[in-house]
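Below you'll find the structure, written out as structure tokens, and then a few comments.
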Amino acid sequence: MALLLGQIGKEGIFDQYTKHDISHIDEMLKNLDWIIPEQTKKMMSDADWLMIVLAVYFHDMGMLVT
């Protein structure tokens, strides 16, 4: 995944945007801690967590131009 994300912004495409490599994903995952309220976290199933983590990983894949 890091290799694919590292391709975003190559050749000047989307270079006006912030960096969207694996460090961006790491920051997004850290942000889940304050985005999701504690009460909601307690109610989330393993499937809920899987879906939200996958959404974080794949949310910028549309920016990958090959």
Side-chain angles (χ1 to χ4, degrees):
M1 181 60 81
L3 182 63
L4 285 174
L5 291 169
Q7 299 300 309
I8 296 173
K10 292 263 183 180
E11 309 297 328
I13 300 171
F14 298 118
D15 62 351
Q16 68 273 25
Y17 295 116
T18 58
K19 197 170 190 176
H20 281 78
D21 63 1
I22 197 69
S23 66
H24 172 66
I25 299 301
D26 292 341
E27 286 302 314
M28 295 291 295
L29 290 171
K30 287 179 192 173
N31 287 337
L32 290 179
D33 198 40
W34 65 268
I35 291 172
I36 303 172
E38 288 301 319
Q39 184 177 357
T40 302
K41 288 178 191 175
K42 292 175 186 174
M43 297 184 318
M44 290 175 68
S45 68
D46 291 343
D48 294 330
W49 283 108
L50 175 63
M51 293 283 86
I52 200 161
V53 168
L54 287 175
V56 167
Y57 269 93
F58 291 111
H59 81 276
D60 284 326
M61 292 307 287
M63 294 177 68
L64 180 59
V65 178
T66 61

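Below, all heavy atoms of this structure are taken into account, side chains as well, without hydrogens, waters or symmetry copies. No experiment lies behind these values; they were computed from the predicted model shown.
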Euclidean distance, [Y] [atom2] relative to [X] [atom1], rounded to 0.5 Å:
X: Glu27; Y: Leu32; atom1: CD; atom2: CG; value: 11.5 Å
X: Met28; Y: Ile22; atom1: CE; atom2: CD1; value: 12.0 Å
X: Ile36; Y: Asn31; atom1: CD1; atom2: CG; value: 10.5 Å

Under the ring pair (Phe, Tyr, Trp, His ring centres under 6.0 Å) definition, can you give me all pairs with a residue in residues 26-57, not counting sequence neighbours?
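Checked against ring pair (Phe, Tyr, Trp, His ring centres under 6.0 Å) - neighbours excluded - no pair reaches residues 26-57.
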Mind checking side chain to side chain contact (heavy atoms under 4.5 Å, CB included) for Asp48 and listing every partner two or more places apart, or none if nothing turns up?
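Testing Asp48 for side chain to side chain contact (heavy atoms under 4.5 Å, CB included), a comparison that skips the adjacent residues, returns Met44, Ser45.
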For residues Ile25 and Leu54: do they belong to one hydrophobic cluster (side chain heavy atoms under 4.5 Å, members Ile, Leu, Val, Met, Phe, Trp, Tyr)?
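Yes: a chain of side-chain contacts under 4.5 Å links Ile25 to Leu54.
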Could you go step by step and tell me if Lys42 and Gln39 meet the side-chain contact (heavy atoms from CB on, under 4.5 Å) rule?
CA-CA 5 Å; Lys42 292 175 186 174; Gln39 184 177 357; 5.7 Å; no
